[in-house]
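Some notes on the structure that comes next.
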Amino acid sequence: MTGPELKQLRDDLSDALGRKLTAADMAKLCALPENGGADTIRRWEVRGPTPAATKVLRVLAMASDRYPILEKFDVFDRHDIREEDRPAKRAAFRAQMREEVRRRLG
């Protein structure tokens with residue numbers, strides 16, 4: 001993930017949650033310390049986050065419809081899920097991810 005991609009992710013998660021996320025909010029999502037965490041996010045928005053943070057952010061990105069559901073989470077295209085039920089199940093999953101982001105933000 002590049003810096004501009006992280007910046008875009010913050011905007012996309014803001015849209016998904018219906019509120020503007022700050023650099024401090026993103027720091028919480030990445031489990032960064034309260035002191036200096038927002039500064040770290042601002043630096044990452046220029047040169048990109050660490051590989052460990054990128055993994056967490058890619059999972060949390062699934063809260064937004066603008067990001068794909070990662071393959072290891074995509075249980076919706078299995079043969080035992082009726083095709084007409086898949087969109088509702090995907091929507092429920094994204095809602096669950098949004099709730100997880102809200103929970104992490106406190």
Next on the checklist: Going by the rule side-chain hydrogen bond (donor to acceptor under 3.5 Å, both in side chains), which residues pair with Arg94 if we only count those two or more places apart in sequence or in a different chain?
Outcome noted: Asp65

Once you round to the nearest 0.5 Å, how far does [atom1] of [X] lie from [atom2] of [Y]?
X: Gln8; Y: Tyr67; atom1: CD; atom2: OH; value: 5.5 Å
X: Leu70; Y: Met62; atom1: CG; atom2: CE; value: 4.5 Å
X: Phe73; Y: Arg90; atom1: CZ; atom2: CZ; value: 15.5 Å
X: Leu32; Y: Thr50; atom1: CG; atom2: OG1; value: 8.0 Å

Next on the checklist: According to side chain to side chain contact (heavy atoms under 4.5 Å, CB included), who are the partners of Val56, at least two apart in sequence or on a separate chain?
Outcome noted: Leu60, Arg104

Checklist entry - Looking at residues at least two apart in the chain, or sitting in another chain, which of them share a salt bridge (Lys or Arg N to Asp or Glu O under 4.0 Å) with Glu84? => result Arg82

Item to check | Pairing residues for Arg47 by the salt bridge (Lys or Arg N to Asp or Glu O under 4.0 Å) criterion, not counting sequence neighbours | outcome: none

Under a 4.5 Å cut-off applied to non-hydrogen side-chain atoms, are [X] and [Y] in contact?
X: Ile69; Y: Met97; value: no
X: Asp15; Y: Arg66; value: yes
X: Glu99; Y: Arg103; value: no

Checklist entry - Is Asp85 atom CG crowded by more than 12 heavy atoms from other residues, nucleotides or ligands, each under 6.0 Å away? => result yes

Provide the closest heavy-atom pair for [X] versus [Y] in the form atom of the first, atom of the second, distance.
X: Pro4; Y: Val46; answer: CD-O, 4.4 Å
X: Leu13; Y: Ala61; answer: CD2-CA, 4.4 Å
X: Ala63; Y: Ala16; answer: O-CB, 3.7 Å

Compile the donor-acceptor pairs under 3.5 Å between side chains in residues 17-29 and protein atoms, sequence neighbours left out, one pair per line.
| residue | atom | partner | partner atom | Å |
| --- | --- | --- | --- | --- |
| Arg19 | NH1 | Asp25 | OD2 | 3.4 |
| Lys20 | NZ | Asp11 | OD1 | 3.4 |
| Thr22 | OG1 | Ala24 | N | 3.3 |
| Thr22 | OG1 | Asp25 | N | 3.0 |
| Thr22 | OG1 | Asp25 | OD2 | 3.3 |
| Asp25 | OD2 | Thr22 | N | 3.0 |
| Lys28 | NZ | Leu105 | O | 3.1 |

Checklist entry - Going by the salt bridge (charged side-chain N to carboxylate O under 4.0 Å, His left out) test, which pairs reach into residues 32-46, not counting sequence neighbours? => result Arg10-Glu45, Asp39-Arg42

